[in-house]
Amino acid sequence: MAVVRASHVYKIFGRQGKEVVEQLNLGRSRDELRRLGTAAVIDASFEVEKGETFVVMGLSGSGKSTLIRMINGLWTPTAGSIEINGQDISRMDAKQLRRLRADNISMVFQHFALLPHRTVRENAAYALEIKKVPKADRLERADHWLDVVGLGGWGDKLPGQLSGGMQQRVGLARALVAETDVLLMDEAFSALDPLIRREMQDQLVELQANLNKTVIFITHDLNEAMYLGDRIAVMRDGRIIQIGTAEEILTDPADDYIANFVQDVDRARVLTASSIMRTPDAVITDTAGPRVAIKTMEEARSSALLVTDRSRTLLGMVTDRAVVSAAREGVRDLRSLIETSGVLTVGADTPLSELFAPSSASRVPLAVVDETNKLLGVVPRIALLNSMASVGPSTGEMPAVGTLDATPADADFSATPQPTVRGSSVGAEAADEKGA
Amino acid sequence: MDFLNPRIPLGDWAESFLDWFQDAFAWLLSFVSLVLGGLYNSLESALSAPVYLVMIVILAAIAWFAAGWKLALFTVLGFYLIRALDQWGNSMQTLALVIVAVLFALLISIPLGILAAKSQIVSTVVKPVLDFMQSMPALAYLVPIIVIFGIGPVPGAIATLIFALPPGVRLTELAIRQVDREVVEAGQAFGASPGHILGRIQVPLAMPTIMAGVNQVIMLALSMVVLAGMAGAQGLGGAVTGSISSLNVSLGIESGLAVVIIAVYLDRVTAAFGSRSNLTPAKTA
């Protein structure tokens with residue numbers, strides 16, 4: 001069941017909110033109705049599952065901050081409903097709302113919103129103070145979470161004595177101390193400088209792996225959205241115009257606006273091995289003989305083959321030289337020819353940025369495997385280059401490298417450099433390093 | 001009424017309203033009179049009771065605690081000078097009157113300011129009333145107050161508190177409104193009640209500005225307390241107004257100087273208390 005469900009949510013600022021909603025439903029535009037009221041959020045519907053990181057992405061004025069404030073009832077929707085764990089919060093009175101916020105939803109703010117007159121520890125313990133947890137107990141729990149976010153020992157300082165990044169760690173600790181299942185993050189890292197921001201993003205991902213919270217994250221930074229979000233909702237002028245995974249939005253943008261937007265994305269960080277991997281042609285099962293291997297190499301125009309067993313578990317590779325001499329000597333089985341050095345594997349969710357080093361060291365296309373070492377696909381070097389070169393579909397034409405993609409030249413191109421790599425000591429060294 | 005030569009008898013109406021008010025709220029007026037008068041008398045006797053040197057030590061100790069040894073030194077010299085000018089008794093009476101007036105001014109203005117910050121309606125109603133109170137010549141409302149309360153320290157205290165009230169309300173409202181909205185939102189987002197948000201977030205964060213308001217109230221009270229001498233309040237005000245009517249230059253200068261010394265003392269002490277709060281503004285980035 002969805003933890004957070006918004007259905008047809010509208011928020012209009014102004015006295016004639018209901019009227020504006022009706023007019024919008026009749027097809028009038030937001031600008032036409034500006035006189036009656038400002039439509040901040042229009043017909044927003046989405047569901048967030050437990051443990052999911054849901055990112056709402058949009059530029060300023062797109063309504064994302066208003067949307068997140070309706071999820072914990074700071075704003076009341078003009079129309080539509082928002083359910084938390086199946087309870088409609090628009091029907092709650094002030095007291096029920098306060099209990100919901102204390103027990104179910106916590107929030108991290110853009111400008112940290114710490115209490116400057118209280119110590120870091122007291123700030124972190126704030127949610128528990130409201131829940132009337134005894135002082136010693138709540139300060140102890142605050143210390144625990146301050147340790148988790150890397151602020152152990154800073155509890156006695158005042159927020160003003162900390163740097164921005166550290167203050168936001170306090171903000172994060174404060175939200176975690178509440179031990180709520182839903183975490184709202186309103187541009188939480190936007191006020192931080194880029195290096196600190198990256199660090200905080202990594203920390204959030206790490207925390208999320210352990211805590212499995214339901215996170216709703218607001219940002220105007222597409223890179224951040226794509227890096228953090230399991231799914232992303234893109235907002236524009238109050239409407240959600242696309243909801244999807246980072247890869248869906250990158251590869252299949254709903255309209256030109258998003259297409260333009262995603263052009264500048266740092267693809268290396270967003271796309272993963274699984275999104276660019278190819279079906280492996282140069283593969284053979286270990287029960288086959290050398291002659292079958294030679295034939296497969298000819299078909300695949302490759303000088304080496306990956307070898308798997310019958311259940312597609314990757315065993316290693318065979319090279320053309322080994323196979324040809326084996327065939328001459330009448331060896332019937334490939335098993336004795338399998339080499340493992342020079343075959344590098346990556347996981348399906350490894351980001352592109354981490355593929356370059358192994359790709360340059362590997363003698364065959366990188367093998368993409370799952371946890372049990374089953375072969376899922378391969379990433380030839382050309383595919384890697386190609387993925388970095390491709391721009392948004394809005395430009396209408398694929399770049400020159402892209403055309404190679406469709407032709408058999410692809411296989412040649414990826415196969416031909418390999419003998420040089422194999423022959424050079426550099427390649428071997430790199431492979432050994434990787435192995436160690 | 002002749003339309004071209006109009007004469008609206010507003011004054012007469014006000015006078016009859018005043019008569020009615022006096023009859024209808026006699027119980028309230030005598031209660032106010034009793035409370036203010038009682039408080040003033042006990043405070044005045046408390047301040048005048050100790051030997052002047054003891055009093056100077058107490059005042060200097062407060063100054064030291066608030067702002068350090070320099071102000072304490074000034075206090076000792078200043079109040080010794082007051083004694084040397086033979087204005088000690090008058091000064092203690094004036095101090096008592098200021099304290100009573102400021103106490104009530106703050107009791108009214110701070111809650112009113114908070115209310116005005118919370119509610120736009122209260123704010124819109126209060127604003128013109130405050131404008132009226134501040135721009136109406138103080139002597140003009142001294143008259144009806146004397147009519148109602150008679151002569152003595154009570155009308156003096158009331159006139160003073162009316163005059164001193166507005167900046168207290170205005171600065172409190174401003175202070176509360178100025179508190180970072182995100183911090184207030186943070187309180188709400190973690191489920192704090194409105195009372196908790198006011199008491200634990202808004203007021204503490206607004207404190208420096210509220211204290212600036214308190215400082216303003218005190219300074220205005222001190223300037224008004226001189227005029228209160230006209231209402232028959234004793235003290236330095238009585239001495240100053242008395243020196244005007246008798247053209248007594250020496251008394252005027254001596255009592256005027258005593259007012260200045262008290263004013264500087266109160267200003268520095270309250271300003272120091274205002275900036276003592278450990279609020280270092282949070283860095284926003």
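From a predicted model like this one, the values you see are computed outputs, not experimental measurements. So you know, we letter chains A, B, ... as the sequences are listed, proteins then strands, and number each from 1. These numbers come from the heavy atoms of this one structure, side chains and all, not from hydrogens, waters or symmetry mates.
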Report task. Please look at A/Y126 and chain B and tell me whether the side chain, the backbone, both or neither of the residue comes under 4.5 angstrom of a heavy atom of that chain. Result -> side chain
Query raised in the report: Between B/R200 and A/E129, is any pair of side-chain heavy atoms under 4.5 Å apart?
Result: yes
Report task. Evaluate the side-chain proximity of A/R69 to B/E185: yes if any heavy-atom separation is below 4.5 Å, no if none is. Result -> yes
Requested in this report: State whether the number of non-hydrogen atoms from other residues, nucleotides or ligands found under 6.0 Å of A/Q96 atom CD is greater than 12.
Outcome: yes
Requested in this report: Report, as yes or no, whether the 6.0 Å neighbourhood of atom CD1 on B/I121 holds more than 12 heavy atoms from other residues, nucleotides or ligands.
Outcome: no
Query raised in the report: Can you find a heavy atom in the side chain of B/F190 that is under 4.5 Å from one in the side chain of A/R174?
Result: yes
Query raised in the report: Of the non-hydrogen atoms in A/A113 and B/E182, which two are nearest, and what is the gap between them?
Result: CB-O, 3.4 Å
Query raised in the report: For atom CZ of A/F46, is the number of surrounding heavy atoms from other residues, nucleotides or ligands below 6.0 Å larger than 12?
Result: yes
**Report entry** B/V183 vs A/L114 side-chain heavy atoms within contact, under 4.5 Å
**Finding:** no
Requested in this report: Determine whether more than 12 heavy atoms belonging to other residues, nucleotides or ligands lie under 6.0 Å from atom NZ of B/K70.
Outcome: no
Query - Flag if over 12 foreign heavy atoms under 6.0 Å of NZ, B/K118 - result: yes
Query raised in the report: Which heavy-atom pair separates A/I130 from B/A192 by the least distance, and what is that distance?
Result: CD1-CB, 3.5 Å
Query raised in the report: Within a reach of under 6.0 Å around CZ of B/R177, are more than 12 heavy atoms found that belong to other residues, nucleotides or ligands?
Result: yes
Query raised in the report: So which of A/L184, A/N72, A/L74, A/L115 has the largest heavy-atom pair count under 4.5 angstrom toward chain B?
Result: A/L74
Requested in this report: Taking atom CH2 of B/W13 as the centre, report whether more than 12 heavy atoms of other residues, nucleotides or ligands fall under 6.0 Å from it.
Outcome: yes
Report summary line: Heavy-atom nearest pair, B/P194 first then A/R98, reads CD-NH1, 3.5 Å
